[in-house]
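Accompanying notes for the structure given below.
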There are 2 protein chains.
Amino acid sequence: MKNISLKDIAEKAGVSQTAVSKVLNELPIRITPAKREKIKEIARRLNYRPNVVAQSLRSRKTKSIGIVVPDISSLFYPELIRNIETRLFSLGYRCIICNTQDNPSYERLYIQDLIDRWVEGLIIAPCGEEENVNFLQDIYKMGLPLVLIDRYFPGENFPYVVSDNKQGAKIAVKFLVSQKVSRVIYVGEKRRNQAVDDRLRGVKEAARENRIVFTDKEIFLCEIGREKVRETFRFIFESMSRKGLSCSGIFFESNRLLMGLLDAARERNLFIPDDLRIIGFDPLSLEIVYPQDFASLRLLKNPFPIIKQDVQKIGNTASEFLLALLKGKKEKNLRKKVRVKMVWR
Amino acid sequence: MKNISLKDIAEKAGVSQTAVSKVLNELPIRITPAKREKIKEIARRLNYRPNVVAQSLRSRKTKSIGIVVPDISSLFYPELIRNIETRLFSLGYRCIICNTQDNPSYERLYIQDLIDRWVEGLIIAPCGEEENVNFLQDIYKMGLPLVLIDRYFPGENFPYVVSDNKQGAKIAVKFLVSQKVSRVIYVGEKRRNQAVDDRLRGVKEAARENRIVFTDKEIFLCEIGREKVRETFRFIFESMSRKGLSCSGIFFESNRLLMGLLDAARERNLFIPDDLRIIGFDPLSLEIVYPQDFASLRLLKNPFPIIKQDVQKIGNTASEFLLALLKGKKEKNLRKKVRVKMVWR
DNA sequence: CTGAAAGCGCTTACAG
DNA sequence: CTGAAAGCGCTTACAG
């Protein structure tokens, strides 16, 4: 089944290929209304669909955008991607979505591939490491529109949209202080990136401003994985019980640490927030997998607040930044830290 | 910054463009090792990257696949998409992902667009309605590789991979029977599709086989939305309390109904599973948003089972089916219902 | 065997 | 103004 081309229509209508192209693309051309209508009619009847690949080759535009994230199925990426995809689709752009598995060499592979496919722009949530900074700089210097999301590189001049992680951490500490703690404990992942480092920095600053204890001894970084996280919290609770529970507040870096926290709390029958003052990033969403998880539920007795990122705003802003770059604007200020909120209702 | 083309390399190496193409593509050509090496060397030095768009135009292959789902951010779609994307990427295919918002006309729009971009295959989780069946049939008849996931159309001959929803519902009822209920109540969404209809059918069959009560009066279909769901359960609990709680078991269609169920249970202080025998599809994942959600947690006193779909298997099978079709195999039996499991560890 | 040339299906600069 | 022709960058059938 052969596809219909402009040439086919031109022959059937007895006009030039140029005329067909211009009529169908609504470009200025002086032609009798009769012929114009005839061309359109034939195109319609033959169910003509322009060959987008040929258009791309000729125009050097593919109307496609690459979205590169560590894991399309975790954290807020699904929601973020949906948000961006919907916005860009309505403007005629299609999104090619890639999963780097937080691996810098996959990241390079994917991005190179997207460039080879002539995406017109890239939205990237980069791997934590700085390993690919030069690689990204090369791309950005080539003039390819590029917006980082979720993570950024301070000192580099990429456009980015991230949460204001430092601000969020500071609100969190303020909350703990209002709970009369005199010391804050930071629990995070060993694997660092700028986003979580900003959270750590925020806690540090806020602790100093509020004159509560926060030294390197209060920082605990662990491997990801529920088991490892539990061990970390087990150790923390042991050391806390010596000094008294109620005078310490726990800040956890993301909800990837929550189930491990609950596992350790259950071992000591610590209720939240009664026995334990905690606060952390990301909405509370519990995966109930094991029988003991039902016991964990009982630990969460009353509401406690969490720090929530504004996914929608991040998505919208990233889309707007990319569109501005696509329009060729050389705006300087395409860097945005989106404010976060403390919610507990 | 001009891109390097085969012609550029040919000129620099003093050979024909054909020679360059064949050498770089490792196609059979008789050429002196020196020239072969020279071509490769120049390509490397100039950082030659083939123009994929031109290749596509010429070869009529784009190495891209369209994935179309109602909502990339909900249910198990994120995980499913990641699974499929990873598999297809390793074979050189890129995935263009689209979000139909469960709207049949968006669905047509997206699919038509993907075809215009010459995707080589499609993986589609279709909207519930049968509205687009003819549209999909036209595409399938054109010979475009096409695999449905999550939902299918009985009587139509599309390849598909779905969970064995009927089997899952039957296991669920058997569990309720083991809890000594004499009657099963089905709670689902008003908006139907084949997947959930199969669950309803499974419940019906199992109820008959186990000689417990299940008539149309035991079926409750509600609008989605936590508030509406709560009202439905409120009504159910009222009618149940008249007849006694413990003799009825509740089957809920998907975890989109869970929070509403808990809301209504809280109003009557019904504990689970002590006061209420329930079972439903999908893993238990609670969104803790409102203060009263903490009270809801207390209702979940002990483990109760849920029916879990095998996302990984669905993803793998869908990928394999599509790859088989891409290879041009005219296999008949590309239809698979993936078994589900009851889990409560 | 080899490489010049045709052709994929468009858009648009430019000759008439 | 108009439309034939060039050209985007490849691959491959085919003339030599």
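By convention in this document, chain letters (A, B, ...) are assigned in the order of the sequence lines, proteins followed by strands, and residues within each chain are numbered from 1.
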Aromatic contact, B:Y160 with B:F153 (centres under 6.0 Å): no
Selected nucleotide, minimal atom distance to A:A19 side chain, candidates C:dA4, C:dC10, D:dG3: D:dG3
Nearest-angstrom distance from the residue atom NZ of A:K22 to P of C:dT12: 8 Å
Integer-rounded Å distance: D:dG9 P and A:Q55 CD: 17 Å
Any A:R49 side-chain N or O less than 4.0 Å from OP1/OP2 of C:dG9: no
Atom-pair distance (CZ on B:R60; P on D:dT12), nearest Å: 13 Å
Euclidean distance, atom CD1 of residue A:I4 to atom C1' of C:dC10 [Å, nearest integer]: 15 Å
Distance, rounded to the nearest Å, where B:I39 contributes CD1 and C:dT2 contributes P: 12 Å
Whole angstrom value for the distance that separates P of D:dC8 from NZ of A:K61: 16 Å
5′-ward residue of the pair B:A54/A:K35 relative to DNA chain D: A:K35
Whole-Å gap separating C1' (D:dA6) and CD (A:Q17): 12 Å
Nearest listed nucleotide, side chain of B:S21, among D:dT12, C:dT12, D:dA4: D:dT12
Touch class at under 4.0 angstrom, heavy-atom based, for A:T18 against every strand present: base
Between CG on residue B:L46 and CG on residue B:D8, distance to nearest 0.5 Å: 7.5 Å
Residues, nucleotides or ligands: over 12 heavy atoms within 6.0 Å of A:Q101 CD: yes
Same-atom distance (P) from D:dG16 to C:dG7, integer angstrom: 15 Å
Shortest side-chain distance from B:L6, nucleotide among D:dC10, C:dG9, C:dG3: D:dC10
Base-pairing mate for C:dA13 - Watson-Crick or G-U, with both contacts under 3.5 Å: none
Identified pairing partner of C:dA4, criterion: Watson-Crick or G-U wobble below 3.5 Å: none
Short side-chain N/O contact to D:dC10 OP1/OP2 from B:Y48, under 4.0 Å: yes
B:L57 or B:L27, whichever maps to the more 5' nucleotide of DNA chain D: B:L57
Between D:dC10 (P) and A:D116 (CG): distance, integer Å: 11 Å
Matching residue for A:F158 among A:Y140, A:F321, A:F135 - test: ring-ring contact (aromatic ring centres under 6.0 Å, His included): A:Y140
